Protein chains: 2
Amino acid sequence: MNRSEIKIERIITYRRILLKLYNDGEKNIFSYQLANKCQVSSAQVRRDLMDIGYSGSPANGYEVQCLIKSIAEFIDPDKKQGIALVGLGNLGRAIIDYFNGQSLKLEIVALFDKNPNKINRVIAGCHSYHINDLKEIIIKNNIKTAVISVPSTDAQQVADVLVDGGIKGILNYAPIILNVPDSIYVQNRDMITTLEKVSYFANYNNK
Amino acid sequence: MNRSEIKIERIITYRRILLKLYNDGEKNIFSYQLANKCQVSSAQVRRDLMDIGYSGSPANGYEVQCLIKSIAEFIDPDKKQGIALVGLGNLGRAIIDYFNGQSLKLEIVALFDKNPNKINRVIAGCHSYHINDLKEIIIKNNIKTAVISVPSTDAQQVADVLVDGGIKGILNYAPIILNVPDSIYVQNRDMITTLEKVSYFANYNNK
DNA sequence: TTTATGCTGTGAAAATAATCACAATGTGAA
DNA sequence: TTCACATTGTGATTATTTTCACAGCATAAA
């Protein structure tokens, strides 16, 4: 079974769309309909769903509720998992607001900053700590995933502590490439690179 | 010449690293060194640089300054280009702060929101307008790239206006798939999907 | 000079990802 | 029942991306 990044990301997207359909009361959906909503080909949808081991019927397509369940079995962790977020600037606050409450099994549960004015507070139901307590708290809470939303000058140092505390996955918004062991999964989401890329294609696609 | 998204993104990343090296006074770099810093293979670096038409020397590798210039010729627009940002919540402010001043040819120059308290202000040197003026202003300023950082309920409507105003590239942070013409380049950067993916690989890579 | 060294540039091969295309299926109309 | 139809599941194919591997080259040391 193939679990490439790109496929996993598509499957997660299918679920988001399916949850919306489910809330709208949709019971069934065909591959080409889901494909349209996700902007991929219908063959791609069928192939991806085949890979997660879910089967539809030629007459009725896929059952929305069952499919959501199959995707959850394929993607979700067994238990609820806490996520740590480091850096309580505008970006950090935005991420908490966007994310919490949106995922069934995942929740940002611990916040960190180095600014004394930002610690020992509760933001969107989450407690904030000084970054010196990072290692202790992520170990105590068995946190395996973290978000870095600190300035790039501090990002490597934060990553080092996260790795030391046993983190296995990092979502990095700082515009640097983190130096971490190969066993750690890092997703970079540097806004500068992204916006330069969008601008490039905005221009290039029109010669 | 191949201009796939993934290659363009790598090339933009090379430049970021090279600019840092240049500021540190580095004159030359070998493919394997740049590869290390970007976490790709050295063959990949050589192939990418071949594709943009830059040549190094076997003895001295690549000249940092020249390479930066070659990448700029390959990637950058001829003239400076303004970018519009729609949605002045925490995320929008974070993007302005992260981005402006970091790119030579690109700058966020116009901000939009629907909240009257947020319009007619200057944030990090940028003026903010009511979203009703969006079309007029992006046409007047020949803006081709936009960032959507509004709640998902408003995102499609914003996209429609952007498209109507002649935008060619959209960086979308709202967790929905925008419905826009094929000719518009859209980059989705939904934080929910991203964090679910990071969590998945954090767990999966460790069985 | 000559030689040894360690790169680059790149054709060829391998690996990965997406699409094609169609047999099999199940439904509803006749 | 039977038939026409639209869709699934998937082997085969095609396209794309990455890596391999090495000839050719520039330099420095002998």
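Naming: A, B, ... by sequence-line order, numbering from 1 per chain. Keep in mind it's a predicted model, so treat the numbers as computed, not measured.
- Straight-line distance from the CG atom of A:N36 to the C1' atom of D:dT7: 15 Å, rounded to whole Å.
- Note on B:R3 versus B:D51: no salt bridge recorded, every NZ/NE/NH1/NH2 to OD/OE distance being 4.0 Å or above.
- Atom CG of A:L49 is separated from atom P of D:dT10 by 12 Å (rounded to the nearest Å).
- In the model, A:Q187 has no side-chain atom that pairs as donor or acceptor with a side-chain atom of B:T194 under 3.5 Å.
- With rounding to whole Å, B:N60 atom CG is found 10 Å from C:dT8 atom P.
- For B:S55 and C:dG9, the shortest distance from a side-chain N or O to OP1 or OP2 is below 4.0 Å.
- B:Y185 and B:E5 are linked by a side-chain donor-acceptor pair at a separation below 3.5 angstrom, with hydrogens and angles left out of the test.
- Electrostatic pairing of B:K27 and B:E63 does not count as a salt bridge here, judged by no charged N lying under 4.0 Å from a carboxylate O.
- Here the P atom of nucleotide C:dT8 and the CD atom of B:E63 are 13 Å apart, to the nearest Å.
- With respect to the salt-bridge test (charged N to carboxylate O, under 4.0 angstrom), the residues A:D76 and A:K105 do not qualify.
- Listed by residue number, the members of residues 37-47 of chain A with any heavy atom below 4.0 angstrom from DNA chain D are A:R46, A:R47.
- Rounded to whole Å, the distance from CD on A:E5 to P on C:dA18 is 12 Å.
- The main-chain N or O of A:N188 is never found under 3.5 Å from a side-chain atom of A:N172 such that the two would form a donor-acceptor pair.
- To the nearest angstrom, P of D:dA15 lies 19 Å from NZ of B:K7.
- Checking A:N2 against A:A59, the closest nucleotide of DNA chain C that is more toward the 5' end is the one next to A:N2.
- The CE-C1' distance, from A:M50 to C:dT19, rounds to 13 Å in whole Å.
- A salt bridge links A:D164 with A:K135: at least one charged nitrogen is closer than 4.0 Å to a carboxylate oxygen.
- Atom C1' of nucleotide D:dA6 and atom CG of A:N28 are separated by 15 Å, given to the nearest angstrom.
- Residue B:S31 places at least one side-chain N or O under 4.0 Å from the OP1 or OP2 atom of C:dT8.
- Set against D:dT17, D:dA26, C:dG9, the side chain of B:P58 has D:dA26 as its closest nucleotide.
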